[in-house]
Amino acid sequence: MISKSKIKLIGSLEHKRFRNETGLFLAEGPKLVADLMQSFKPQYIAATQSWAENNRNLFHAPETDIVTQDELERASLLRTPQQVLALFHIPDYKLDTDIANHNLVLVLDGVQDPGNVGTIIRIADWFGIKDIVCSQQTADAYAPKTVQATMGALARVHMHYCDLNDFFAELDKTTPVYGTLLDGENIYSTPLQNNGIIVMGNEGNGISQQIRSYINQSLLIPSFPVGETTSESLNVAIATAIVCSEFRRRTH
């Protein structure tokens with residue numbers, strides 16, 4: 001049985017203020033919880049009897065509750081709760097700007113939609129990008145909607161939030177910094193390296209003027225056929241997938 005105080009705690013994690021105060025985030029559903037438990041130790045688990053019996057090897061946490069479906073529904077933030085929810089500590093990863101000298105790193109400049117951020121984390125995971133650096137204006141990776149959208153990729157991708165100006169100021173001046181801009185070079189014919197920074201911008205405004213000043217290699221994802229009227233822009237998550245795919249296709 002879940003106590004009222006635990007239900008209140010779970011509900012509070014919908015808000016960034018309480019995630020910051022408690023240092024916890026919420027994950028729901030069998031696959032997501034199981035994936036996250038490969039990297040993070042749960043602090044609390046509420047699960048149905050059937051889930052607990054089928055996952056005895058995973059069912060370990062300082063606090064656990066076996067619950068009915070009705071109890072899970074009262075605690076859950078999902079419309080359709082799925083057998084288990086868990087609370088995890090928000091990880092604190094060290095950000096080393098030298099990583100971009102050896103690997104590809106994504107930078108998100110004001111990407112505000114939680115679904116887009118969650119999908120981008122999945123894309124990074126798929127293409128072997130281990131670090132994403134976010135502006136403070138980017139949607140919180142540990143918000144419940146974002147966590148659900150990552151489908152477990154959050155277990156393998158390190159998220160960093162910082163002042164991007166400080167991050168770029170500390171970056172090695174020889175590090176390639178790529179950004180998708182309307183006046184960029186065609187990504188399909190431009191030389192690409194297997195290390196550096198890939199900057200993706202806000203859904204409506206793109207990359208901010210201040211961050212554009214750090215870009216030394218502008219890229220364009222062309223529409224087809226050339227010269228014909230098409231959609232005004234691509235969704236930022238889709239654009240991220242195209243860019244990451246082209247980097248990996250060319251450099252591996």
Side-chain angles (χ1 to χ4, degrees), residues 13-16 19-20 23-42 77-78 82 85-97 99-100 102-162 164 167 178-180 194-203 206-207 211 221 234-248 252:
L13 297 179
E14 192 168 14
H15 305 286
K16 187 173 182 178
R19 292 194 298 275
N20 288 343
L24 297 172
F25 73 94
L26 169 69
E28 300 195 55
K31 184 183 184 305
L32 178 58
V33 170
D35 280 354
L36 290 174
M37 287 175 71
Q38 294 177 25
S39 298
F40 308 133
K41 182 179 179 181
L77 299 185
L78 298 179
Q82 303 172 41
L85 63 77
L87 304 184
F88 298 90
H89 276 307
I90 295 172
D92 183 18
Y93 298 114
K94 183 179 184 298
L95 177 57
D96 183 357
T97 55
I99 55 177
H102 310 286
N103 305 284
L104 284 176
V105 176
L106 277 174
V107 166
L108 304 186
D109 178 23
V111 178
Q112 295 181 333
D113 182 82
N116 281 335
V117 172
T119 302
I120 288 170
I121 295 170
R122 288 180 67 186
I123 290 164
D125 186 35
W126 184 264
F127 288 107
I129 296 173
K130 301 300 183 185
D131 292 271
I132 300 179
V133 181
C134 303
S135 69
Q136 300 292 1
Q137 294 73 40
T138 293
D140 184 5
Y142 299 99
K145 288 182 180 178
T146 316
V147 173
Q148 295 301 126
T150 70
M151 296 294 288
L154 201 55
R156 294 171 293 275
V157 178
H158 295 181
M159 301 300 296
H160 312 273
Y161 284 80
C162 66
L164 291 186
F167 172 74
Y178 300 91
T180 51
N194 59 5
N195 71 290
I197 304 290
I198 301 171
V199 183
M200 304 304 296
N202 172 268
E203 289 87 346
I207 300 169
I211 301 306
I221 301 172
L234 285 171
N235 169 275
V236 64
I238 292 173
T240 303
I242 293 170
V243 171
C244 291
S245 177
E246 186 62 15
F247 268 86
R248 291 310 194 203
H252 283 76

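Numbers here simply count residues along the sequence, with the first being 1.
Ile211 CD1 to Leu164 CG: the interatomic distance, rounded to the nearest 0.5 Å, is 4.5 Å. Ile123 CD1 to Thr150 OG1: the interatomic distance, rounded to the nearest 0.5 Å, is 12.5 Å. Going from atom OH of Tyr161 over to atom SG of Cys134 covers 4.0 Å, rounded to the nearest 0.5 Å.
Of the possible donor and acceptor atoms, none in the side chain of Arg19 sits under 3.5 Å from a partner among the backbone N and O of Phe25. Judged purely by atom type and a 3.5 angstrom limit, Tyr142 has no side-chain atom pairing as donor or acceptor with the backbone of Pro91. At least one donor-acceptor pair closer than 3.5 Å links the side chain of Glu203 to the backbone N or O of Gln112.
The pair Asp140-Lys16 does not count as a salt bridge, with every side-chain nitrogen at least 4.0 angstrom from each carboxylate oxygen.
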Steps toward side-chain contact (heavy atoms from CB on, under 4.5 Å) verdict (Asn103, Asp131): CA-CA 9 Å; Asn103 305 284; Asp131 292 271; over 6 Å; no

Criterion side-chain contact (heavy atoms from CB on, under 4.5 Å) on Ile132 and Leu108, from CA distance to verdict: CA-CA 7 Å; Ile132 300 179; Leu108 304 186; 3.8 Å; yes

Verdict with reasoning, Leu234 to Ile221, per side-chain contact (heavy atoms from CB on, under 4.5 Å): CA-CA 9 Å; Leu234 285 171; Ile221 301 172; 4.0 Å; yes

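A ring-centre distance under 6.0 Å is found for Phe247 and Tyr178.
A donor atom on one side chain and an acceptor atom on the other are found under 3.5 Å apart for Asn116 and Asn235.
Across every non-hydrogen atom of Leu36 and Ala27, the tightest pair is CD1-CB, 3.4 Å.
Classification of the Tyr93-His158 ring pair by plane angle, with boundaries at 30° and 60°, yields parallel.
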